[in-house]
Visitor: 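First the structure, then my questions, so here it is.
Each chain gets a letter, A, B and so on, in the order its sequence line appears, and its residues count up from 1.
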Amino acid sequence: MLVILALVAYPAVYHLLTNSPVANLAVAVLPRMDSMVAVLYFALFAMSFDFISGYTGYLSFGHAAFYGTGAYVVILIANGKVPLLPPGTPFVVSLLIAAVLAALLAVVIGLVSFRLTGVYFAMITLGFAQVMYVFVRGWDYVASNPRDGPAVGSTHAEGFGIGIPFVDQLNLAIGSFTGDTVTLLGHELGTYTVSFYMVGLVVLLSYFAMQRVIHSPFGRVMIAIRENEERAEAIGYDTFRYKLGAFVMSAFFGGVAGALFAGFRRSVTPENTFYFLVTGDALLASIIGGFGTLAGPLYGHLFDHGVREFLSNRGQGGGLLPYLQETLSEGLLTTQLPGGISVQGFIQAALNGHASLYVGIVFVLVVLYVPSGILGTVRSRLGGKLSETLPARVWGDR
Amino acid sequence: MTVPLLLPELAAFALQTGFVDGLGQFLRPTNLVSVLVEGLAKSAIYVMIASGLTLIFGLMGVLNFAHGSLTMIGAYLAGVVMVVLVGSATGQWTRLAYFFGALVVVFAALSLLGGIMEVGLIRELYDRPPIYQILLTFGLTLVLEEVVRIVVQFYGLQPISEWQGALGTKPAFLATDQSLGPLSIRGLAVFEILLGVATVAAIWAFLTRTRYGLYIRAGSEDAEMAEALGIDVRRVFTVVFALGAGIAGVAGALLMWDPVWGASVPLAAETLLPAFVVVIIGGLGTFRGTVAGALVVGMADATTTWWFQNVVTWTWLPEMAVFLILVGMLVVKPQGLYGVEEVGGH
């Protein structure tokens, strides 16, 4: 609950801090609003990955296939390239269609892949995802230049609205240029802020849905499969059906995440949807955040994205180098370090744009020494979930 | 959704007389032989990329995601050696001799790196579920690739594109086509085949003719039993991991000269995926299977490449064929060509 409140308040806090005396520091350290939108939808993808991999123990290394399916279907519908669906199909409808298609794809992949376990399962799902990646990259029906991927064309110039379909007033469009702005209590909320809340709404609903499943008897069986599949089978559970069911659900939400991504960005490439490193990013988020905790991937991805943006090479929107250039004196920046390289040069060469290195080191350390990740460790330290134990700690046992 | 949209395309393609013509052209002896040679060259590359991976998995059950990164580091390291040693005046055969020197350097350096990785990091994880080894080595790829990128950029090279300077250190007779009667064969293809055969022979001899190879085979069969018989399995693990890393580096050194691959940071992912495919098709952990898998994938790759260059215009055909073979294999016979029956023990 606390986290949801913190996220709801984030735009206001960001707005306040970036206009306050510590603005320089805030701009440098806090993720930008548009990145926060990206954090949300990608965190949903990481959650869906964790849903299958963290809870049943089956590493779905081809999870990018579902993310990509969700993203491509939305764009193809908007471009009028899917039969029977007009370009004007409401975004919520095309999002659901995309997610259902991703789920159907998961049925096909799952039927084949769940005959295998462990490393083999990871490899065959990876194989499927790569087939789709290569295929989409070469199929000139999806885009005139399939290697660069499709973008939403003029057939759907308006933004993608999230809300009740066919009722214009109950929709708010997302996107950086096409999104709606809303005036609320005398404050104008920009397109990013509106997108943040609308995407956040979908992510929140999906999160609750997945959490519901995890806490149901179905979820118990998923965990039983992770802990000891043979025993779960011996007790009488048809583990194959449970695994397939969990896989299909996680693919559904992976598809939702991909659809949100496409709706917000309005253009996709094979590299940021179907490629296996997309799954790698979800893996990173899940492990750092806490494998087998549904909310963990959100923190994990927030961390990953925060570090990347902090060390990004681009000047605008804050980050380490612009901050130092503004606050430190010229003399210090050009001071020669041993080895004949200036401080600025060193930062540029070794820090900026190289966030993968530091995230990777953190990741390796987490795998080695904190296998339950941020959230898992905090939970086991406090002896329960944060929302339950934190109030008791703060206010004492009442 | 995809099938009905593709069908007209396929039908139109089948109706085109180009297909029949193409088949006739393909079956011409000169073309068949050149596809065969290309296929063997590709197989040689695949077997070199994959055999380190399979050795490590066969003994230790560790699927090394950092394998591609090791290949990439090997390519850069060999490139450094060559670029430093070779000048424009260096003779053709001297260049070849330097290359073999570079192979030795790369093998030693990468073996050292692999040994350190095993002792320092991977050893911690043997009693955890096998997924954690995938995770750890995946994290290592991030770190290794980024370090290489920093170094490469620092020396003013483009990390994403192939290192042209290193490509240019090839002797002329490897860079050009050699004509052999009616045939025209790439010099480098022949060199790759020779090096691949030599590598396979060396690994084979090591596994079957030396005492250490015996230890490795015993450890793959039953690590506990081998330990009970007095073999220091922990040390065997380290040695095998070092060897696997060294072989990955040697493969990288070869790729450094091949214009299709070249030394670049993305080389890591480009080699890792085919290596997985080869190893899984052959059966994870069997060296014999890896050789067979490399032949299958290499031939399929060369054949489809020829078709796409000469008949059809689908650029994705070769890559697609490779992964379709993988999926088909896993559907029909998940344990691979030579894999053991019980799948999923690891």
Visitor: Measure distances from Leu283(A) to the heavy atoms of chain B and classify the residue's part below 4.5 Å as side chain, backbone, both or neither.
Guide: side chain

Visitor: Surrounding CZ of Arg123(B) (heavy atoms of other residues, nucleotides or ligands, distance under 6.0 Å), is the total greater than 12?
Guide: yes

Visitor: Checking heavy atoms, do the side chain of Phe121(A), its backbone, both or neither come under 4.5 Å from chain B?
Guide: neither

Visitor: As an exercise, state the distance from OG of Ser286(A) to CG of Asp281(A), rounded to the nearest 0.5 Å.
Guide: 10.5 Å

Visitor: Under 3.5 Å, is there a donor-acceptor pair linking the side chains of Glu229(A) and Tyr58(A)?
Guide: yes

Visitor: Which bit of Leu368(A) comes within less than 4.5 Å of chain B, counting heavy atoms only: side chain, backbone, both or neither?
Guide: both

Visitor: What residue, out of Tyr133(A), Phe291(A), Phe276(A), has the most heavy-atom pairs lying under 4.5 Å from chain B?
Guide: Phe276(A)

Visitor: Where does the angle between the aromatic ring planes of Phe240(A) and Phe114(A) fall among parallel (under 30°), tilted (30 to 60°) and perpendicular (over 60°)?
Guide: perpendicular

Visitor: Report which part of Ile280(B) has an atom under 4.5 Å of a heavy atom belonging to chain A: side chain, backbone, both, or neither.
Guide: side chain

Visitor: Taking the side chain from His67(B) and the backbone from Ile49(B), do they hold a donor-acceptor pair closer than 3.5 Å?
Guide: yes

Visitor: Is there a ring-ring contact (aromatic ring centres under 6.0 Å, His included) between Phe65(B) and Phe276(B)? Walk through the geometry before answering.
Guide: CA-CA 9 Å; Phe65(B) 250 80; Phe276(B) 278 155; 5.0 Å; yes

Visitor: Answer with side chain, backbone, both or neither: which region of Leu135(B) has an atom nearer than 4.5 Å to a non-hydrogen atom of chain A?
Guide: both

Visitor: For Leu126(A), is it the side chain, the backbone, both or neither that has a heavy atom under 4.5 Å from a heavy atom of chain B?
Guide: side chain

Visitor: Using a cut-off of under 4.5 Å on heavy-atom pairs, state which of Leu142(B), Leu273(B), Leu326(B) scores highest against chain A.
Guide: Leu273(B)

Visitor: So what's closer than 4.5 Å to chain B heavy atoms on Val112(A): side chain, backbone, both or neither?
Guide: side chain

Visitor: Would you give the length of the straight line joining atom OH of Tyr55(A) to atom CD1 of Ile223(A), rounded to the nearest 0.5 angstrom?
Guide: 6.0 Å

Visitor: Counting only heavy atoms closer than 4.5 Å, note whether Leu63(B) contacts chain A via side chain, backbone, both or neither.
Guide: side chain

